[in-house]
Visitor: 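Got a structure for you, written out below as structure tokens; questions coming shortly.
Because only heavy atoms are used, hydrogens play no part in the values below, and waters and symmetry mates are left out as well, while side chains stay in. Residue numbers count from 1 along this sequence.
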Amino acid sequence: MTKTLPVLTGIAMIATLAACSTPSGMMSAPDAPAAVTVPAGNKPVMKTVGIGELTYECRAKAGTAGAFEWVFAGPDAVLYDMNKKAVGKYYGGPTWESNDGSKVTGKQLAVAPAPTAGAIPLQLVQANPAMGSGAMTGVTYIQRLNTVGGVAPADSCGAGNVGAKKLVKYQADYVFYKAS
């Protein structure tokens with residue numbers, strides 16, 4: 001008999017992680033592995049819960065003839081605040097966009113293994129200057145923490161299904177920082 005981990009869905013996901021969300025005026029930096037800790041001189045200003053799907057595509061494995069693998073192709077998630085209100089979205093780029101129209105892209109600096117089996121890694125992203133004016137203005141770093149799900153599919157990926165895409169459900173906390 002094999003044990004399976006329960007997968008949180010819908011409102012349960014929001015309730016589980018949104019309970020951790022805190023308004024910017026009361027935030028302290030969350031505990032995180034050293035690899036994904038934000039540099040000194042930055043303070044957390046907003047925490048959201050991203051709930052959505054990650055797209056993977058079956059592709060030929062680079063540098064290995066005749067080998068194939070599922071490759072991350074992009075995210076599609078809604079960002080919720082602590083009141084379970086949709087406040088933005090997260091999509092390819094990577095791009096985090098607030099409902100006020102401001103958005104930020106970034107470059108991955110580091111990852112750390114997720115403490116939960118079957119979850120995508122924790123991540124530290126350095127933000128590019130924001131586009132538009134609003135919640136994303138001045139964001140310097142973004143942490144992805146408390147990940148659930150999202151790993152590449154276990155389905156077969158081979159010559160017969162190159163180009164096939166699979167959607168995998170995931171959730172994660174996104175903590176946004178600005179310079180102190």
Side-chain angles (χ1 to χ4, degrees), residues 2-14 16-18 32-33 35-36 38 46-80 86-99 101-132 136 139 141-176:
T2 59
K3 289 185 178 181
T4 57
L5 295 173
V7 177
L8 300 175
T9 58
I11 298 302
M13 282 187 205
I14 297 170
T16 299
L17 289 177
V36 296
V38 173
M46 178 173 59
K47 184 175 182 182
T48 63
V49 179
I51 299 174
E53 297 172 324
L54 302 180
T55 301
Y56 289 89
E57 183 176 350
C58 180
R59 298 182 188 164
K61 191 170 185 173
T64 309
F68 302 88
E69 64 184 343
W70 289 103
V71 176
F72 175 72
D76 182 18
V78 175
L79 301 175
Y80 295 91
V87 295
K89 56 189 174 181
Y90 170 55
Y91 54 92
T95 304
W96 294 264
E97 184 173 342
S98 171
N99 286 348
S102 64
K103 58 185 169 183
V104 67
T105 62
K107 173 184 154 189
Q108 177 177 285
L109 295 180
V111 294
T116 307
I120 55 175
L122 309 182
Q123 181 182 52
L124 177 62
V125 172
Q126 183 171 26
N128 294 318
M131 295 165 265
M136 298 300 176
V139 168
Y141 291 92
I142 303 158
Q143 281 178 317
R144 179 175 71 199
L145 303 170
N146 301 319
T147 58
V148 177
V151 296
D155 301 15
S156 176
C157 172
N161 64 337
V162 167
K165 293 183 178 178
K166 295 277 183 174
L167 300 176
V168 179
K169 291 187 181 306
Y170 94 106
Q171 65 184 35
D173 286 353
Y174 290 97
V175 184
F176 299 84

Visitor: Which heavy atom of A73 sits nearest a heavy atom of R59, and at what distance?
Guide: CB-NH2, 4.1 Å
Visitor: Salt bridge between R144 and D173, side-chain N to carboxylate O under 4.0 Å?
Guide: no
Visitor: Drop me the distance from W70's CH2 to L54's CG, to the nearest 0.5 angstrom.
Guide: 13.5 Å
Visitor: Is the shortest heavy-atom distance from the side chain of P94 to the side chain of T105 under 4.5 Å?
Guide: no
Visitor: Determine the minimum heavy-atom distance between L145 and L122, stating which atoms define it.
Guide: CA-CD2, 3.8 Å
Visitor: Show the nearest heavy-atom pair for residues V139 and A127, with the distance to one decimal.
Guide: O-CB, 3.4 Å
Visitor: Atom CD in E97, atom NZ in K89: separation rounded to 0.5 Å?
Guide: 4.5 Å
Visitor: Return the minimal non-hydrogen interatomic distance between Y91 and K103, and the atom names on each side.
Guide: OH-CD, 3.6 Å
Visitor: Give the C-alpha distance, both sets of side-chain angles, the deciding distance and a yes or no for side-chain hydrogen bond (donor to acceptor under 3.5 Å, both in side chains) between Q143 and Q123.
Guide: CA-CA 6 Å; Q143 281 178 317; Q123 181 182 52; over 6 Å; no
Visitor: Could you tell me which residues satisfy side-chain hydrogen bond (donor to acceptor under 3.5 Å, both in side chains) with K166, sequence neighbours excluded, listed by chain and number?
Guide: D155
Visitor: Determine yes or no for a side-chain-to-main-chain donor-acceptor pair under 3.5 angstrom, with T64 supplying the side chain and K61 the backbone.
Guide: no
Visitor: A side-chain contact here means heavy atoms from C-beta on lying under 4.5 Å apart; do V148 and T116 qualify?
Guide: no
Visitor: Please tell me if the side chains of V168 and Y56 come closer than 4.5 Å, counting only heavy atoms from C-beta onward.
Guide: yes
Visitor: Would you call the rings of W96 and Y90 parallel, tilted or perpendicular, taking 30° and 60° as the class edges?
Guide: parallel
Visitor: Taking all non-hydrogen atoms of both residues, which atom of A86 and which atom of V78 are closest, and how far apart?
Guide: CB-CG1, 3.8 Å
Visitor: side-chain contact (heavy atoms from CB on, under 4.5 Å), that's the test. Do L109 and Y141 meet it? Break it down for me.
Guide: CA-CA 10 Å; L109 295 180; Y141 291 92; 3.7 Å; yes
Visitor: Give, for atom CD1 of I51 and atom CG of D76, the distance between the pair rounded to the nearest 0.5 Å.
Guide: 13.0 Å
Visitor: Is there a side-chain contact (heavy atoms from CB on, under 4.5 Å) between T48 and V87? Walk through the geometry before answering.
Guide: CA-CA 8 Å; T48 63; V87 295; 3.9 Å; yes
Visitor: Could you walk me through whether L167 and K169 pass the side-chain contact (heavy atoms from CB on, under 4.5 Å) check?
Guide: CA-CA 7 Å; L167 300 176; K169 291 187 181 306; over 6 Å; no
Visitor: Look up atom CE in M46 and atom CD1 in I142, then write down how far apart they are to the nearest 0.5 Å.
Guide: 8.5 Å
Visitor: Mind checking side chain to side chain contact (heavy atoms under 4.5 Å, CB included) for V162 and listing every partner two or more places apart, or none if nothing turns up?
Guide: F68
Visitor: Please report the shortest heavy-atom distance between A35 and L124, naming the atom on each side.
Guide: O-CD2, 4.2 Å
Visitor: Checking side-chain polar atoms at under 3.5 Å, does Y170 have a donor or acceptor matched by the opposite partner on E53?
Guide: no
